[in-house]
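Step one of this worksheet: look at the structure below.
Counting starts at 1 for both ligands and their atoms, following the listed order. For clarity, every value in this text was computed on a predicted model and none was experimentally measured.
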Amino acid sequence: MAQVGEKRKREDKAENGSGDTDTGPSVPSHHPLSGFQLQAVLRESARDKTIFLHGKVTRNAQDAEDAVVILERVPFQADSVSRLLAERPELKLQLENDIYSVYHLNPPPELNEIKTTVICPATEKHIKKYQRQDVCLIHETGDDYDSVTLPFIEAQSLSVQWVYNILEKKAEADRIVHENPDPENGFILIPDFKWNQKQVDDLYLIAISHPRGIKSLRDLTADHLPLLKNILHEGQEAILKRYGLRGNQLRIYLHYQPSYYHLHVHFTALGHDAPGTSVERAHLLCDVIQNLEREPRYYRTRTLTYALRADEPLLKKLKDAGKC
Ligand code: DD3
């Protein structure tokens, strides 16, 4: 498995925005999972080797906060596993039959990493997001967007503070892979949270646009072509330079609906089945550019199809308005 040839700087940031009052030494307030108590298993997947947990944590002595904790086994790296095997690791035999045998191998700690994502304090929305749910397909016309979806998005006023922190270099500044600083046609390319950056097989970066106020694919017009082309071409070039993957080894796309309403483009390794690449959600950037070149208001007017979870408030709004 190919590895990322970059030395990664340690991130020693305590980006603890909330509730960090001094409550004395009784509860260690520095550990992000202090006093973790499981509330519920939100979802698990044996295939993906992930589990999503809802828990309570007590980062300060007074009150327990809701947290979502995501645990994920990380991919293997050829060189570290080949070193391990060459060192004659202890193998516990499970079964033997003809030329076949199966063992338990307990790896050393450095090969036993569990990627741990913590969202704390987590809102009811975060907790719901990771619960399994029925989904329902929506065909949203341009008018549906104007009359239902847009007012809904605006009423929600979802925070994209973390995006602004990246754009203003207040967070993750040392992780930036490429920046075009132009306020109108520029962007920042940065590894997505979902990627541990240790192997390019599951490479996942996002390009975040410098201009603010472009909420999603729906807002794009021919005016944004220079920005989109910069993202496509400079993004490919930067990834080739840093990670050695060519443009034809990358899946470059936007989501509709996106999970946050600030224009961003996903770059994932073509060989990796990244989440969110289904036909009802992903729109290839090269197609988006072509469509806008042919029809400047293409995404303002066309019907966009996407799936919503049965419990999503937007689905209820669309149903109430008789749109599905
Ligand atoms: C998010 C969508 C948002 C849980 C999780 C992620 N890449 C991020 C904050 C910083 C980031 C991302 C929401 C939030 Cl795990 C809930 O994503 C982020 N920084 N996707 C990077 N580099």
Side-chain angles (χ1 to χ4, degrees), residues 4 6 8-18 32-33 42-45 48-55 57 65-74 114-131 153 156-179 187-198 202-210 212 215-217 231 235 238-239 242-243 251-269 272 274-277 281-282 309 312:
V4 174
E6 278 286 306
R8 291 206 303 141
K9 283 175 234 146
R10 290 254 25 96
E11 288 167 279
D12 285 324
K13 279 190 300 87
E15 50 162 5
N16 207 343
S18 61
L33 293 173
L42 301 171
R43 189 201 314 174
E44 61 190 307
S45 163
D48 299 340
K49 311 222 171 15
T50 55
I51 188 163
F52 296 71
L53 305 171
H54 170 207
V57 301
E65 290 180 304
D66 283 300
V68 170
V69 180
I70 306 167
L71 303 179
E72 182 180 357
R73 301 236 177 244
V74 303
I114 296 176
K115 184 181 173 206
T116 306
T117 306
V118 179
I119 306 171
C120 184
T123 63
E124 191 58 36
K125 276 189 81 158
H126 290 117
I127 295 162
K128 274 206 164 143
K129 176 176 161 185
Y130 295 110
Q131 272 165 345
I153 295 166
Q156 278 204 316
S157 64
L158 290 164
S159 170
V160 283
Q161 189 56 50
W162 69 269
V163 171
Y164 298 153
N165 289 345
I166 290 174
L167 294 175
E168 293 166 17
K169 319 278 165 68
K170 290 178 182 161
E172 305 187 45
D174 57 342
R175 288 160 45 94
I176 293 174
V177 170
H178 174 76
E179 176 172 20
F187 68 99
I188 281 179
L189 182 72
I190 195 162
D192 190 276
F193 258 21
K194 287 187 271 300
W195 185 38
N196 69 7
Q197 301 179 73
K198 287 196 180 140
D202 60 339
L203 173 141
Y204 199 143
L205 292 98
I206 42 174
I208 301 175
S209 85
H210 265 306
R212 301 182 182 193
K215 287 182 289 304
S216 74
L217 183 66
I231 291 176
I239 288 174
R242 173 77 68 103
Y243 304 107
R251 186 190 293 110
I252 307 172
Y253 56 100
L254 290 80
H255 280 153
Y256 193 79
Q257 295 282 336
S259 44
Y260 45 98
Y261 291 94
H262 176 104
L263 185 73
H264 60 281
V265 176
H266 305 259
F267 289 71
T268 62
H272 171 55
T277 53
R281 187 153 192 222
R309 297 155 48 97
E312 266 180 283

Quiz item: Do K129 and V68 pass the side-chain contact (heavy atoms from CB on, under 4.5 Å) test, and can you show the C-alpha distance, the side-chain angles, and the key distance before you say yes or no?
Solution: CA-CA 10 Å; K129 176 176 161 185; V68 170; over 6 Å; no
N/O pairs closer than 3.5 Å, ligand 1 and protein:
unit_1	atom_1	unit_2	atom_2	d
ligand 1	7 (N)	F193	N	3.1
ligand 1	19 (N)	E172	OE1	3.4
ligand 1	19 (N)	E172	OE2	2.7
ligand 1	20 (N)	D192	OD2	3.0
ligand 1	22 (N)	E172	OE1	2.8
ligand 1	22 (N)	R175	NH2	3.4
ligand 1	22 (N)	P191	O	2.8

Quiz prompt | Side-chain H-bond candidate by donor/acceptor type, H210 with E179, under 3.5 Å | solution =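 A donor-acceptor contact under 3.5 Å links the two side chains.
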Exercise. Take atom CZ of R212 as the centre, draw a 6.0 Å sphere, and report whether it contains more than 12 heavy atoms from other residues, nucleotides or ligands.
Key: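 Correct, the count exceeds 12.
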Quiz item: Do the ring planes of Y260 and W162 sit parallel (below 30°), tilted (30 to 60°) or perpendicular (above 60°)?
Solution: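 Plane angle over 60°, so perpendicular.
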Quiz item: Within a strict 4.5 Å, meaning less than it, do heavy atoms of the V177 and F267 side chains meet?
Solution: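 SC-SC contact between V177 and F267 ruled out.
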Exercise. Could you note down all residue pairs passing salt bridge (Lys or Arg N to Asp or Glu O under 4.0 Å) where residues 115-124 supplies at least one of them, sequence neighbours left out?
Key: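 Sorted pair list comes back empty.
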